2 protein chains.
Amino acid sequence: MEVKLTKKRALILSVITDSSHFMTADEIYTAANQTLHMNPSTVYRALHALLDCHLIEKQIRQDGNTYYKRTSNEHRHHLICTNCNRTIDIDGCPLAELENTLTTKTGFKITGHNFEITGICPNCEEQNHKSEE
Amino acid sequence: MEVKLTKKRALILSVITDSSHFMTADEIYTAANQTLHMNPSTVYRALHALLDCHLIEKQIRQDGNTYYKRTSNEHRHHLICTNCNRTIDIDGCPLAELENTLTTKTGFKITGHNFEITGICPNCEEQNHKSEE
DNA sequence: GTATCTGCAAAAGATTTGCAGCAAG
DNA sequence: CTTGCTGCAAATCTTTTGCAGATAC
């Protein structure tokens with residue numbers, strides 16, 4: 001089946017692409033809906049289509065939310081601030097080596113990995129201290 | 001507030017403890033319900049209570065399901081077979097070192113991490129080959 | 001005894017789907 | 001034109017919640 005690039009889908013993709021951070025379906029809907037009126041189910045269907053084309057990726061985090069981001073050419077992981085939800089890119093992937101070891105040790109055919117390092121970013125930490133004074 | 005250890009909660013905890021793998025709320029409910037008739041909401045409330053006491057831990061995976069397991073004294077991660085859902089323990093944690101580096105580099109106060117390595121276990125791989133013959 | 005569980009049914013939140021009409025290629 | 005997109009409302013799935021009665025300590 002062919003995927004049609006409609007105005008709404010283009011808008012949804014640009015909302016995701018332009019965002020500096022990962023967005024939830026609802027954030028994407030809210031943002032896109034301001035420019036072009038659309039239904040949440042349109043957003044969900046568009047997200048599926050974009051995922052199928054590998055134009056975007058999703059990550060389900062331990063906070064229970066599902067986040068979407070534009071696919072980048074580098075394989076990247078992130079530090080996530082549990083306070084403000086900002087993310088910081090981590091250089092390199094610490095798992096490549098581990099995966100080789102694991103393949104040899106366990107016989108698993110490894111197909112993917114996901115990880116999430118959480119903490120409080122310097123900004124939020126500072127705010128915290130200020131409010132405690 | 002005090003937490004009461006009722007028969008049902010004890011049963012729920014033993015179901016989780018006795019299981020060799022991570023279980024979903026529904027699996028826990030189904031298993032426990034066979035011994036002592038109970039309502040799903042009892043299971044959810046028990047899971048929250050047990051999480052609060054740190055007797056169990058939960059993990060939300062990329063398959064969208066939430067899994068629970070008995071808390072163990074070692075810090076552990078797992079290889080997950082995306083076919084049969086079996087998990088295999090990984091020795092050591094590859095992130096301890098990375099976290100130190102990240103703290104220094106980014107100023108983040110790191111509070112936790114979660115990761116998930118997925119693949120096909122040797123068993124499932126074998127089954128696959130057999131069925132293709 | 002009294003605070004905390006439990007069952008039940010209803011509610012909530014996120015996502016999916018059926019169907020009829022609309023738009024892209 | 002024909003396949004695939006969209007809106008809407010209803011359905012789904014998982015988890016939560018209010019309340020009245022039951023139970024642990």
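Everything numeric in this text was worked out from a predicted model, so none of it was measured. Below, read A as the first sequence line, B as the second, and so on, with proteins coming before strands; counting in each chain starts at 1.
Phosphate proximity of dT6(D) to N39(A): absent, as no side-chain N or O sits under 4.0 Å from OP1 or OP2. In terms of phosphate contacts, Y44(B) brings no side-chain nitrogen or oxygen within less than 4.0 Å of OP1 or OP2 of dT16(D). Between H48(B) and dT15(D) there is no side-chain polar atom (N or O) within less than 4.0 angstrom of OP1 or OP2. For the OP1/OP2 pair of dT6(D) and a distance below 4.0 Å, the side-chain nitrogens and oxygens of H37(A) include no atom meeting the criterion. Taking only side-chain nitrogens and oxygens, K8(A) comes nearer than 4.0 Å to OP1 or OP2 of dG7(D). Between dT14(D) and T66(B), no contact under 4.0 Å exists linking OP1 or OP2 to a side-chain N or O. A sub-4.0 Å separation between OP1 or OP2 of dG4(D) and a side-chain N or O of T6(A) is absent.
Judged by distance alone, with hydrogens and angles left aside, the side-chain atoms of T71(B) form a donor-acceptor pair with the main-chain N or O of L55(B) at under 3.5 Å.
The aromatic ring centroids of H77(A) and H113(A) lie less than 6.0 Å from each other. Residues F22(B) and H78(B) bring their aromatic ring centres within 6.0 Å.
The distance from atom NZ of K58(B) to atom C1' of dT15(D) is 10 Å, rounded to the nearest whole Å. Look at CG on L36(A): it is 10 Å from P on dT6(D), rounded to the nearest Å. In this structure, N65(A) places its CG atom 8 Å from P of dA14(C), rounding to the nearest Å. If you take CD1 of I60(A) and C1' of dT15(C), they are 12 Å apart, rounded to a whole angstrom. Remark: P of dT14(D) and CZ of R61(B) are 16 Å apart, rounded to the nearest angstrom. The distance from atom CG of L51(B) to atom C1' of dT15(D) is 13 Å, rounded to the nearest whole Å. If you measure from atom CD of E27(B) to atom P of dT15(D), you get 12 Å, rounded to the nearest angstrom. Between the CG atom of D63(A) and the P atom of dG13(C) there is a distance of 16 Å, rounded to whole Å.
We find that R61(A) and E116(A) are not joined by a salt bridge, their nearest charged nitrogen and carboxylate oxygen being 4.0 Å or further apart.
Heavy atoms of A46(B) sit nowhere under 4.0 angstrom from any nucleic acid atom. Using a 4.0 Å heavy-atom criterion, one finds that S41(A) contacts the bases of the nucleic acid, with or without backbone contacts as well. R9(A) comes within 4.0 angstrom of sugar-phosphate atoms only, judged by non-hydrogen atoms across all strands, and of no base.
Results of the side-chain contact (heavy atoms from CB on, under 4.5 Å) test with F108(B) over I120(A), I80(A), I88(A), T118(A) single out I88(A) as the only residue that passes. A side-chain contact (heavy atoms from CB on, under 4.5 Å) with I28(A) is found for one member of I12(A), L11(A), L13(A) and no other, namely I12(A).
In the interface, the side chain of K4(A) is paired with the base of dT3(D) through a donor and an acceptor atom under 3.5 Å apart.
Picking from dG18(D), dA24(C), dC5(D) the nucleotide with the shortest atom distance to the side chain of R45(B) gives dG18(D).
Summary of the strand contacts: L5(B) and V3(A) both lie near DNA chain C, and taking for each the nucleotide with the nearest heavy atom, the more 5' one is attributed to L5(B).
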